[in-house]
Amino acid sequence: MKLYKKILFLGCLVGALAACNDLEIDESQYHTTKFLFSDFSRVAMGITNVYAGLPDELSALGTLRDCATDDAVYAWSADPVKTFYDGSWSANRLIDDQWAHYYSAIRSANYFLENCPDDFPDSKWTTNYEQNLKELRYYPWEAKVLRAYFHFELLRRYNQIIIADRTFTTEEVNHLKPVSYQEAADWIVKELEPCIKVLPETWKDTPSAKLGRVTKGFCMALKARVLLYAASPLNNPSGNSSEWVKAAEAAKELMDANIYKLVDEQVFNNENAQGLIFGRRLSAGNQFEYANFPVGMGGNSGVCPSENLVEAFDMADGTPFSWEQHQEDVLDPLKRDPRFAKTLLANGMSFKNDIIESFDGGRNGMPQDGASPTSYYLRKLLQEDTNIDEGTGTITSFGHIFPMFRYAEVYLNYAEALFEATGNPNFTGDWEGKRYDMSPVAAVNAVRARSFMQGLDENIDETSFRTRLRNERRVELAFENHRFWDIRRWKIGSQTVKIYGLRLSKDANNVITKEKYLVQERVWDDKMNYYPIGNGEMNRNENLIQNTDW
């Protein structure tokens with residue numbers, strides 16, 4: 001990322017100048033605004049500060065959020081992620097509390113939008129003036145998209161949020177009123193639509209060729225996701241099919257734009273991946289590997305996939321996995337969906353030129369402190385070439401890309417939305433004035449074909465298709481920050497409380513015995529579909545509406 005590195009100086013300066021409340025801007029404090037927006041380079045620093053609000057899913061809570069789903073457990077019982085599922089979460093005991101963070105990010109976007117100039121005429125005869133001017137003209141559009149994204153992150157957590165479409169005075173800030181989920185979703189979509197028309201498909205062919213910037217595809221993918229969430233059972237309890245149609249149409253618009261491709265490729269650390277719409281690019285580091293490499297390989301185990309997730313992967317011939325029928329092949333990557341080996345590490349698999357031994361007494365197994373309680377370790381998102389063991393050579397670090405939007409998600413969004421709108425897995429034709437030539441089944445099968453998996457039977461019934469569609473989403477998007485939110489928007493939390501693992505024993509003849517066992521049984525309450533708003537925020541603004549039962 002040439003431009004979009006975090007600019008610590010500007011972030012600290014803007015933070016110091018801002019008022020305490022994250023919605024509040026006291027203009028009198030901005031005595032340096034003229035300076036901050038006085039030339040191209042400082043304005044570039046300003047938009048960089050807005051980008052800094054994007055989530056870093058490979059640090060802090062990051063992929064730990066998956067450990068609050070039935071896809072994984074955390075190797076260490078003392079980790080705070082357990083607060084999500086042990087019944088101790090409350091408006092006084094928050095986890096993943098992002099209210100202040102995202103309103104601070106929104107404040108930065110508003111500050112930028114309200115002060116960014118249209119031109120610097122005095123710089124007309126300087127080098128790169130024309131190039132700088134072209135970039136300057138895009139900056140406000142980028143800030144609008146990011147502001148819309150930050151609102152979505154708040155919306156899916158807190159339900160009824162305040163739309164912060166401008167800066168607020170001290171007198172205003174604690175009297176603002178939230179809007180409904182649907183009103184907020186409509187506002188976000190309305191904000192994105194003009195940006196779609198202006199922003200380029202890619203920045204790679206522009207003079208500066210800067211990476212990590214929002215694009216037309218980012219806008220369209222975000223629009224489709226926002227509408228999908230708004231149409232889902234949690235936010236559309238009446239099942240209004242028109243809401244699903246909006247989501248299907250938005251996904252179709254991006255598919256019809258023919259910008260990206262569904263191909264077999266490594267997306268997670270590949271700037272040129274044809275299916276990567278937008279990824280959070282992070283500078284070289286090895287903290288994620290320290291946190292998630294298996295014990296016995298210098299790591300801390302961290303995120304440990306569950307047997308529940310393992311059984312979501314089909315057999316190689318496309319047959320759904322069944323413990324009763326396929327338990328002998330549960331660990332064999334050659335007999336499973338190819339995405340199995342790309343997502344997790346199981347006993348007997350190769351990693352870092354060694355073999356995973358997660359059986360009891362093995363190099364990576366119990367009773368070692370921190371060994372995986374499920375027998376599985378994370379593979380996806382890790383840079384395998386990272387060396388974190390000083391005894392085996394020089395410590396190394398690599399850059400990382402966390403995929404925030406992928407083209408495969410768009411296909412799955414389309415399939416879900418069109419199916420839920422029509423009730424027909426094989427629907428094609430006209431619906432509410434739009435033509436749909438790809439059926440929901442065909443869209444799912446396109447994603448499966450990317451990994452050389454056999455497609456679903458076109459004669460599949462409605463109930464089976466919904467199950468297979470949701471399973472496909474779980475497998476394809478594992479550890480990309482989707483399962484946590486899908487559980488909530490589908491309202492299936494009560495079905496995800498029992499977390500299983502494998503207990504592996506090796507006898508004197510090197511025969512592995514497998515025992516499926518219950519690792520955790522978690523607490524679920526439907527109030528967990530939304531986050532509580534912290535009591536501190538509730539006390540500051542009496543107009544805020546606490547989510548039900550919190």
Side-chain angles (χ1 to χ4, degrees), residues 58 63-64 66-67 71-79 81 268 285-311 313 327-336 338-398 400 478-479 499-520:
L58 295 186
T63 53
L64 292 182
D66 288 282
C67 295
D71 277 357
V73 300
Y74 196 70
W76 301 88
S77 60
D79 193 273
V81 73
F268 311 105
N286 52 32
Q287 294 87 351
F288 188 67
E289 284 68 31
Y290 268 113
N292 292 288
F293 272 7
V295 294
M297 292 184 171
N300 203 39
S301 297
V303 177
C304 298
S306 65
E307 179 65 21
N308 310 54
L309 175 61
V310 166
E311 294 184 14
F313 291 91
Q327 62 179 282
E328 290 305 312
D329 299 322
V330 63
L331 302 177
D332 188 348
L334 297 178
K335 295 183 179 180
R336 306 297 300 277
R339 291 171 291 188
F340 172 89
K342 295 178 179 179
T343 303
L344 55 91
L345 296 169
N347 186 73
M349 292 173 60
S350 176
F351 186 67
K352 294 187 67 63
N353 299 316
D354 215 332
I355 302 299
I356 297 294
E357 295 181 352
S358 56
F359 54 83
D360 288 353
R363 179 173 51 253
N364 317 111
M366 296 291 188
Q368 289 198 69
D369 196 23
S372 171
T374 65
S375 84
Y376 301 105
Y377 291 96
L378 184 66
R379 173 66 186 88
K380 197 172 186 178
L381 305 173
L382 291 168
Q383 289 276 30
E384 184 174 356
D385 292 336
T386 303
N387 183 30
I388 57 176
D389 185 352
E390 293 181 356
T392 61
T394 304
I395 298 295
T396 57
S397 299
F398 293 93
H400 295 77
F479 301 109
I499 314 300
Y500 291 93
L502 280 191
R503 184 175 286 119
L504 305 176
S505 302
K506 185 176 182 180
D507 65 19
N509 297 316
N510 294 325
V511 175
I512 298 289
T513 301
K514 310 176 191 71
E515 177 192 357
K516 181 177 175 179
Y517 80 107
L518 184 66
V519 176
Q520 292 176 354

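Distance OH/Tyr517 to CZ/Arg503: 5.0 Å, rounded to 0.5 Å. Remark: Asp71 CG to Ile499 CD1 distance equals 8.5 Å, nearest 0.5 Å. Note: Phe293 CZ to Thr386 OG1 = 5.0 Å, rounded to the nearest 0.5 Å. Taking OG of Ser397 as the start and CD of Gln287 as the end, the distance is 7.0 Å to the nearest 0.5 Å. Note that OH of Tyr377 and CG of Leu382 are 12.5 Å apart. Values are rounded to the nearest 0.5 Å. Atom CE of Met297 sits about 7.5 Å away from atom CG of Leu345, to the nearest 0.5 Å.
A heavy-atom distance below 4.5 Å is not found between the side chains of Asp507 and Thr513. Between Lys514 and Leu504, some side-chain heavy-atom pair lies under the 4.5 Å cut-off. Counting heavy atoms from C-beta on, the side chains of Leu518 and Tyr500 come closer than 4.5 Å. Arg379 places a side-chain heavy atom less than 4.5 Å from the side chain of Glu384. Using a 4.5 Å cut-off on side-chain heavy atoms (C-beta onward), Val73 and Cys67 make no contact. Between Arg336 and Val330, some side-chain heavy-atom pair lies under the 4.5 Å cut-off. Contact annotation: the side chain of Met349 approaches that of Phe340 to within less than 4.5 Å [non-hydrogen atoms, C-beta and beyond]. For the pair Leu309 and Asp66, the minimum side-chain heavy-atom distance is 4.5 Å or more.
Closest heavy-atom contact between Tyr290 and Ile388: OH-O, 3.4 Å. Of all non-hydrogen atoms in Thr374 and Pro305, the two that sit nearest each other are OG1-O, 2.6 Å. Across every non-hydrogen atom of Phe288 and Leu378, the tightest pair is CZ-CD2, 3.9 Å. The two atoms that bring Ser375 and Ser358 nearest to each other are O-OG, 2.9 Å, heavy atoms only. The minimum heavy-atom distance between Pro294 and Ile356, with the atom names listed, is CG-CD1, 4.1 Å. Minimum interatomic distance between Met366 and Pro373 (heavy atoms only, all atoms of both residues): CE-CA, 3.7 Å.
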**OP:** Determine, step by step, whether Asp385 and Thr396 satisfy the side-chain contact (heavy atoms from CB on, under 4.5 Å) criterion, reporting the C-alpha distance in whole Å, the side-chain angles of both residues, the deciding distance to 0.1 Å, and the verdict.
**Re:** CA-CA 8 Å; Asp385 292 336; Thr396 57; over 6 Å; no
**OP:** Mind running side-chain contact (heavy atoms from CB on, under 4.5 Å) on Asn510 and Phe359 for me, showing each step along the way?
**Re:** CA-CA 11 Å; Asn510 294 325; Phe359 54 83; over 6 Å; no
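For Lys506, there are no salt bridge (Lys or Arg N to Asp or Glu O under 4.0 Å) partners, not counting sequence neighbours.
For residues 340-349, the pairs satisfying side chain to side chain donor-acceptor pair (under 3.5 Å) are Asp264-Lys342, with sequence neighbours left out. Screening residues 293-310 for side chain to side chain donor-acceptor pair (under 3.5 Å), with sequence neighbours left out, gives Trp76-Asn300, Glu307-Tyr376.
A donor and an acceptor atom, one from each side chain of Glu289 and His400, are located under 3.5 Å apart.
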